[in-house]
There are 2 protein chains.
Amino acid sequence: MTGKRPTLMDVAEAAGVSRALVSIVMRDAPGASEATRLKVQAAARELGYRPDSRARLLRSSRTRLLGLSFSTAQAFHAEIVDAAYAGATIRGYDIALSAVANGRPEARAVESLLDLGCEALIMISPSLPPEELAGYAARLPVISLLRDDVGDALDSVSSDDHAGIHLAVEHLVSLGHQRIAHVDGGQAVSSAQRRAAFQAEMTSRGLDARVVAGGPTEEDGLRAGRELQQDLPTAVVAFNDRCALGVWESFRAAGLRVPDDVSVLGYDDSQFARLSYVQLSSISQDAPLLARAAVDRAVDRLEGTTSAAHLVRTPHLVVRETTGRVPG
Amino acid sequence: MTGKRPTLMDVAEAAGVSRALVSIVMRDAPGASEATRLKVQAAARELGYRPDSRARLLRSSRTRLLGLSFSTAQAFHAEIVDAAYAGATIRGYDIALSAVANGRPEARAVESLLDLGCEALIMISPSLPPEELAGYAARLPVISLLRDDVGDALDSVSSDDHAGIHLAVEHLVSLGHQRIAHVDGGQAVSSAQRRAAFQAEMTSRGLDARVVAGGPTEEDGLRAGRELQQDLPTAVVAFNDRCALGVWESFRAAGLRVPDDVSVLGYDDSQFARLSYVQLSSISQDAPLLARAAVDRAVDRLEGTTSAAHLVRTPHLVVRETTGRVPG
DNA sequence: GCCAGTCTATAGAACGTTCTACAGGCGAAT
DNA sequence: ATTCGCCTGTAGAACGTTCTATAGACTGGC
């Protein structure tokens, strides 16, 4: 259909120079005069030459490639992918993507990135046990994004769950709430930390720390919301925004008004929390910013001499329309 | 930190055989006895050897790699990625992912896939003009997924919008509706087709084809819903599920009940349409199935002698709880 | 006129695979 | 015994780059 794609050799012949010189020009490396540079570039354009990244990667020790593993099941990972691309471009790196999907476990995703020759790995909310992660980290820098209990062999860039929960409770208390419940994330990553933080925070204020079992999805929130209604608190802190939405929906179905009858606070500040008809108050981890930080961390590990570290950013509160003064 | 990763040569030395033989064993190719096969495999495992995909890809003419471009802005693309992985694995191919993201245009995404040595390209709802797509298609098979007006140089796998809209209108009419409005998708891919199909379908039934301007997001639906309320129809066919959700929300805000006062029908049958508290009636394109079809099509193009074709699948109706009998 | 230094350009060896060609051993058929 | 073929194995050339070493052509300083 097409004939073969042109190689360095083809361009070299067309321009009447050596292969090596073409390579120099294509890489913008020093060692070619301005005149031949132009001549070679013209020939390359003429032939529609594009460097073969496989060959290039193979030969050069540096691949300038960062591996990013994400999950197709988590919509907000897309936001992170987005930000990571932007960050990598700025630092002069490229990103290789690998998804963990149905029937494609995390280990497989990571290994495909390794085979591609990535110099560092960024894993979004990795679910592998710390030992296995450490195994990878022995071979190349690995950055865990949004999960910090990964041992000392890895870097991590995450958000301070304690601070986030503190902000949440502080906000609600300042609105007069005392009976505040937490719907946790079940088995989800970070759920245990947030639950513990909630308990600590409430206890330290002398308040009752009511926790009901939830999960990361709307369904989980819906179920938990129904359970809450048997003894309705005045405010709810949900594990994440999707869960909060489910809780809210269960209230709505029961004729309860948010925030007049009960306040609902989410976590993550995901895209849809900002939708004009949702306007969910939430704790923002600023995922894109964390993604940038992870990329920076990866590059620093590659180019500097720093060792693994755990970077923790403080989240912030975004007040929208689902939290209000305590009723009555 | 790590030492170099082991190569074929290392394994060969460890097992006391030649490089080529190790290659044969690793590829499960014929030409090695069972005994040495075991010996080599043991040595490879011992050293933690993994083949370098860059070198492998470089040397072999076949890369067995399918490029898949998707958009981080479209949540349901994740479902497709998921299905594509599964399909590719079955056919013995691998998938290279490239995202079109903020500041990373489609052309860039495609070119990075090309440089990786993909043998065929699957593009989800490509937004490039047909001429440019044809340019790529001259070099390798390109499958357009969910968009069919891409010219004859490309394959396409899409869903029959006419049939889908027909199902939608048929369903509503069978429930007694006559005053049915369509909220279109604005500039979105497929919007024009669905709008035209709606107009044709309604006109052929002697009904008034009311169309209001919408878009692909909840916000767009919300806006359109408000406009609709100035002269409320008994049923609404929205461009997609997100749009339908916006329309619904605008009704809910106005105290209108769905489906008692007005029916709302979505399109796409996305993940969230199935959520227990949403239960949106919708037209399903069965995206995962289309993804499988696209993968199959790509592989067939590579292995068979078939030429480009446009494959159209018929969508089906999923009745949930947002459509009901005409009021009054 | 000769050496040192700079700039441009080239040849040829890598990188880690796969592929082609071929060699030796062995059994069966001539 | 020779020939044929199959099976197992190897050597060495590819693939398209980048890298190292070096050659030639100038400059300028003595």
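These values consider heavy atoms only, across backbone and side chains, with no hydrogens, waters or symmetry-generated copies. Naming: A, B, ... by sequence-line order, numbering from 1 per chain.
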Please report how far the helix from C:dG1-D:dC30 to C:dT30-D:dA1 bends, comparing the axis fitted to its first five pairs with the axis fitted to its last five, to the nearest 10 degrees. 60°
Counting only heavy atoms not in B:E303, do more than 12 fall under 6.0 Å of its CD? yes
Between B:D155 and B:R301, does any NZ, NE, NH1 or NH2 come within less than 4.0 Å of an OD or OE carboxylate oxygen? yes
Are a donor atom and an acceptor atom from the side chains of B:R62 and B:Y93 found within less than 3.5 Å of each other? yes
Can you name the side-chain hydrogen bond (donor to acceptor under 3.5 Å, both in side chains) partners of B:E79, sequence neighbours left out? none
Contact class for B:S53 (heavy atom, under 4.0 Å): base, sugar-phosphate, or nothing? nothing
Euclidean distance, B:S23 OG relative to B:R59 CZ, rounded to 0.5 Å: 10.0 Å
So, are B:R313 and B:D160 salt-bridged, with charged N and O less than 4.0 Å apart? no
Below 4.0 angstrom, N of the basic side chain to O of the carboxylate: do B:R64 and B:D94 qualify? no
Would you call B:D296 and B:R91 a salt bridge, taking side-chain N to carboxylate O under 4.0 Å as the test? yes
Nearest whole Å is fine: how far is C:dA23 C1' from B:L21 CG? 15 Å
Table of protein N/O atoms under 3.5 Å from nucleotides 13-18 of chain C N/O atoms:
residue: C:dA13; atom: N6; partner: A:R19; partner atom: NH2; Å: 3.3
residue: C:dA14; atom: N3; partner: A:R59; partner atom: NH1; Å: 2.2
residue: C:dT17; atom: OP1; partner: B:Y49; partner atom: OH; Å: 2.9
residue: C:dT17; atom: OP2; partner: B:L8; partner atom: N; Å: 2.7
residue: C:dT17; atom: O5'; partner: B:Y49; partner atom: OH; Å: 3.2
residue: C:dT18; atom: OP1; partner: B:R56; partner atom: NE; Å: 2.9
residue: C:dT18; atom: OP1; partner: B:R56; partner atom: NH2; Å: 3.3
residue: C:dT18; atom: OP2; partner: B:S23; partner atom: OG; Å: 2.5
residue: C:dT18; atom: O2; partner: B:R59; partner atom: NE; Å: 3.2

